[in-house]
Each structure stands twice: as C-alpha cells, then as structure tokens.
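All remarks here apply to the structure that follows.
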Amino acid sequence: MPELLIIFGSFVFVVIVILLFVILPLSFVVTKQATNKIIERFGKFVRVAQPGLSMKIPFIDSVAATIDLRLQQLNVLVESKTKDNVFVNIPVAVQFRPLPDRVREAYYSLSAPEEQIRAYVFDTIRTTLADLSLDEAYSNKDAIANDIEARLQRQMAQYGYQIQNTLVTDISPTDPRVRESMNRINAAQREREAASAEGEAVKIRAIKSAEAEAETKRLQGVGVASQRKAIVEGLAEQYQVLRAIGIDESPEQLLMMTQYFDTLRDIGTQSRSNTIFVPSNAGGLASSQDEIRNTLLAIHAQEGAPLAPQQPQRQHPQQQPQQR
C-alpha cells in the first residue's frame with residue numbers, strides 16, 4: 001500500500017511538471033509593441049491581442065497572424081502613355097499602415113493588400129495621364145500624387161487601411177531621344193533667358209551712365225556759374241576797395257593787369273600746356289588793357305553810369321605768336 005501511494009504521488013508530480021513546462025506556456029500570448037495578434041478558436045476569430053501579455057486557452061485558441069501596425073512603403077513603377085503619345089515611367093511611393101482599431105478588417109478583408117494598392121495606383125495614373133501632355137504631366141506631378149492618394153484613401157479605408165502619403169518621385173520618358181530633346185529645349189530656354197537678362201543689364205548700365213553724365217554736366221554748369229558769379233563779386237569788391245584807398249582814375253586798369261598776370265601764371269603751372277597767342281611786347285599788353293577798359297566803359301554807359309575819362313587809343317605793334 002505505501003508503495004502505491006509513492007507511485008501515485010510521483011505520477012501527480014510528473015503531471016504538474018508537464019503542466020508547468022508544457023501547457024502553461026501555451027496559455028499566454030506575448031505581443032510586441034506596434035503589433036497586434038489575431039486570436040482564433042478552432043479557426044474562428046475570437047479577439048485581437050494588444051501589446052503585452054494576454055491569456056488564451058491552450059490547444060483551443062491559437063495565434064492566426066501578427067499584424068504590423070508600423071508605417072509601410074510600397075514602391076510601384078508605372079509605365080503609361082500621355083495625351084501626346086509619349087510613353088513615360090512614373091515611380092510612385094505609397095506609404096500605408098493598418099488602422100489600430102480595424103485590425104480585424106485589415107486581416108480578413110484582403111489577402112494581398114499590397115497588390116490591391118498596386119492595382120489602384122496603375123489604374124489612377126493611366127486614367128489621369130490620358131488627359132495630360134508630357135509638359136502638363138511634369139507641371140502637375142503633385143496633382144497626380146494627390147489624385148492617387150485621394151482614391152486610395154476612399155478604397156482602402158473600407159478594408160481597414162490608412163494611406164498616409166503618396167509620392168510621385170519622378171516622370172521619365174522611356175525613349176532616351178525624348179529626354180535628349182527635352183534637355184535641348186530646356187538649354188535653349190535658359191540661354192534665351194540669360195541673353196534677355198544680359199541685354200536688360202546692358203540697357204540699365206547705359207541708362208545709368210547717361211543719367212550720371214547728365215548730372216555731371218549739370219553740376220559742372222552750376223559750378224561754372226558759381227565760379228563766374230564769385231569772380232564778378234570779387235572784381236566788384238576789389239573795385240570798391242581801390243576807390244576807397246584813393247584810386248579813382250581808371251582803377252579797372254590795375255584790376256585787368258592783375259587778372260592778366262594771374263592767367264599767365266595759371267597757364268604756366270598747368271601740367272598740360274597748350275600753344276596760345278599773346279602780345280610779345282609792352283605795347284601789346286597796353287592794347288589788351290585798352291580793349292578790356294573800353295568794354296567795361298561801354299557796359300557802364302548802357303547802365304547810365306558816368307563814364308570815366310577815356311585815354312587816347314594807343315597804336316600797338318603787330319602781335320607775334322609766343323609758344324609756351
């Protein structure tokens with residue numbers, strides 16, 4: 001009898017060990033983050049296991065599939081024809097993922113969701129490009145991507161999938177000659193724009209140069225006028241000073257002689273001297289003084305001022321050229 005009890009106790013211990021090491025692990029489900037697991041019972045859907053540890057009935061419940069909830073990307077290369085009969089290759093990148101609250105529909109509605117998405121992309125691009133030329137397709141690349149995304153959103157939402165983004169990365173003609181001709185067209189357009197910009201720059205420089213030259217001449221004229229005004233005022237002041245110190249009889253002769261010698265000094269100090277004709281003797285200088293004096297007296301006579309006594313005209317010898 002005691003031997004039977006020992007045997008029975010050993011059997012129970014073995015059973016407990018089997019339960020602990022074999023059956024017990026089958027009763028728990030470990031689900032990783034960003035994933036869900038489909039739990040079935042004899043082939044029928046029971047529930048969705050969330051991330052973490054959960055229970056199931058051993059040998060009755062089973063894990064049918066693990067659904068990845070992370071964002072996935074499907075690359076599709078579509079070859080289609082535009083309105084102007086140009087065949088192009090359009091690579092499309094579709095980013096999608098199952099909705100966390102519709103994992104059951106995402107698993108049981110579609111057997112191959114990527115193939116379904118690929119079919120919708122092909123159909124949308126070929127329908128859209130049929131109404132666009134090659135140049136219009138290039139300029140409406142974003143519109144094509146938006147059309148694909150809008151249609152995929154409507155179609156795939158009923159199956160539990162979310163279309164996060166759709167990117168049309170490029171539009172490339174299949175014939176290399178078409179690409180070469182497009183490159184030549186673009187190069188010609190760039191050269192035309194460059195020539196236009198260069199011509200406009202030349203025009204602007206010419207206008208600015210003419211404006212600067214006009215402003216320079218205007219300022220030079222203002223400067224000359226101011227200089228002449230200052231000379232006249234200085235002569236008038238000197239004339240009054242000479243009269244104030246007692247030189248009443250023809251003080252303009254002294255002023256004219258001073259101006260004459262100042263002019264000769266300026267000509268001599270210039271770096272670039274030119275050939276001028278001046279009187280070569282004292283009689284010639286006196287003749288120049290008489291001409292200047294007569295001019296001033298004529299001006300005073302027109303203004304009604306009393307004339308100074310005029311000296312008799314002196315004969316001056318023939319002028320000879322003097323070169324400096």
Side-chain angles (χ1 to χ4, degrees), residues 34-36 65-103 105-202:
T35 61
N36 284 168
T66 300
I67 305 300
D68 191 353
L69 300 180
R70 293 175 297 179
L71 189 66
Q72 305 174 45
Q73 178 167 311
L74 175 64
N75 296 318
V76 183
L77 180 62
V78 182
E79 182 179 358
S80 183
K81 185 176 68 171
T82 61
K83 184 179 179 181
D84 48 357
N85 297 323
V86 178
F87 284 91
V88 294
N89 291 325
I90 303 179
V92 182
V94 181
Q95 298 175 351
F96 68 99
R97 63 182 175 186
L99 294 170
D101 56 343
R102 301 186 63 185
V103 175
E105 290 86 346
Y107 177 70
Y108 289 102
S109 298
L110 295 176
S111 60
E114 293 185 355
E115 294 300 324
Q116 188 79 8
I117 294 174
R118 193 186 305 272
Y120 283 126
V121 171
F122 269 86
D123 184 65
T124 303
I125 288 182
R126 288 174 177 174
T127 303
T128 304
L129 286 183
D131 298 329
L132 299 176
S133 64
L134 181 59
D135 294 335
E136 292 173 346
Y138 272 100
S139 59
N140 293 280
K141 186 173 63 174
D142 293 337
I144 296 174
N146 293 333
D147 291 342
I148 298 173
E149 182 175 348
R151 183 173 182 184
L152 288 177
Q153 285 281 13
R154 293 193 303 268
Q155 297 296 331
M156 299 302 294
Q158 59 184 336
Y159 301 120
Y161 283 90
Q162 177 189 8
I163 304 299
Q164 187 72 21
N165 201 1
T166 302
L167 304 174
V168 176
T169 57
D170 191 16
I171 298 178
S172 176
T174 57
D175 192 349
R177 293 175 297 178
V178 177
R179 292 195 296 268
E180 293 177 359
S181 62
M182 292 182 63
N183 292 333
R184 289 196 299 269
I185 293 174
N186 291 332
Q189 291 177 350
R190 298 295 184 271
E191 291 178 357
R192 183 166 60 251
E193 293 176 358
S196 177
E198 184 177 357
E200 189 68 21
V202 172

Problem set entry | Residues in side-chain hydrogen bond (donor to acceptor under 3.5 Å, both in side chains) contact with Asp68, at least two apart in sequence or another chain | Arg70

For this session: Taking Tyr107 for its side chain and Ile67 for its backbone only, find out whether a donor-acceptor pair lies under 3.5 Å.
Result: no

Exercise. What distance do Lys81 atom NZ and Phe87 atom CZ have between them, rounded to the nearest 0.5 Å?
Worked result: 5.0 Å

Exercise. What is the distance from atom CG of Leu77 to atom CZ of Phe122, rounded to the nearest 0.5 Å?
Worked result: 7.0 Å

Exercise. So which heavy atom on Asp170 is nearest to which on Pro91, and how close?
Worked result: O-CD, 3.1 Å

Exercise. What is the minimum heavy-atom distance between Ser172 and Tyr138, and which atoms define it?
Worked result: CA-OH, 4.2 Å

Problem set entry | Heavy-atom neighbours of Glu198 CD exceed 12 at 6.0 Å | no

Exercise. Which atom names give the shortest non-hydrogen contact between Pro98 and Gln72, and what distance separates them?
Worked result: CD-NE2, 4.1 Å

For this session: With rounding to the nearest 0.5 Å, note down the distance linking CD in Gln155 to CG in Asp123.
Result: 9.5 Å

For this session: Could you check if a side-chain atom of Ile144 sits within less than 4.5 angstrom of a side-chain atom of Thr124, using non-hydrogen atoms only?
Result: no

For this session: Would you check, one step at a time, whether the test side chain to side chain contact (heavy atoms under 4.5 Å, CB included) holds for Arg118 with Leu74?
Result: CA-CA 8 Å; Arg118 193 186 305 272; Leu74 175 64; 3.3 Å; yes

Exercise. Do the side chains of Gln95 and Leu71 get nearer than 4.5 Å, heavy atoms only?
Worked result: yes

Exercise. After noting the C-alpha distance and the side-chain angles of Leu152 and Ile117, does the key distance pass the side chain to side chain contact (heavy atoms under 4.5 Å, CB included) rule?
Worked result: CA-CA 7 Å; Leu152 288 177; Ile117 294 174; 4.2 Å; yes

Exercise. Side chains of Val94 and Val121: closer than 4.5 Å at any heavy-atom pair?
Worked result: yes

Problem set entry | Side-chain heavy-atom pair Asn89, Val78 within 4.5 angstrom cut-off | no

Problem set entry | Note, Ser109 side chain near Gln158 side chain (heavy atom, < 4.5 Å) | no

Problem set entry | Side-chain heavy-atom pair Phe96, Gln73 within 4.5 angstrom cut-off | no

Exercise. Considering residues at least two apart in sequence or located in another chain, which fulfil the side-chain hydrogen bond (donor to acceptor under 3.5 Å, both in side chains) criterion with Glu149?
Worked result: none

Problem set entry | side chain to side chain contact (heavy atoms under 4.5 Å, CB included) assessment of Ile148 paired with Tyr120 | CA-CA 8 Å; Ile148 298 173; Tyr120 283 126; over 6 Å; no

Exercise. Does the side chain to side chain contact (heavy atoms under 4.5 Å, CB included) test come out yes or no for Val88 and Thr82, once each step is laid out?
Worked result: CA-CA 7 Å; Val88 294; Thr82 61; 4.2 Å; yes

For this session: For Met156 and Gln116, work out which heavy atoms get closest and say how close.
Result: SD-CG, 4.1 Å

Exercise. Okay, side chain of Gln162, backbone of Arg97: is any donor-acceptor separation there less than 3.5 Å?
Worked result: no

For this session: Would you confirm whether Glu136, through its side chain, and Ser133, through its main-chain N or O, come within 3.5 Å as a donor-acceptor pair?
Result: yes

Exercise. Quick one: CG on Asp84 to CG on Asp135, what's the gap to the nearest 0.5 Å?
Worked result: 7.5 Å

Exercise. How long is the gap from CD1 on Ile171 to CD1 on Ile125, to the nearest 0.5 Å?
Worked result: 8.5 Å

For this session: With the side chain counted from C-beta on, respond yes when Thr166 and Val92 share a heavy-atom pair under 4.5 Å apart, and no when they do not.
Result: yes

Exercise. At their closest point, which heavy atom of Ala137 faces which heavy atom of Leu129, and how far apart are they?
Worked result: CB-CD2, 3.8 Å

Seminar exercise, completed: Distance col, row Asn75:CG vs Thr169:OG1, nearest 0.5 angstrom, shows 8.0 Å

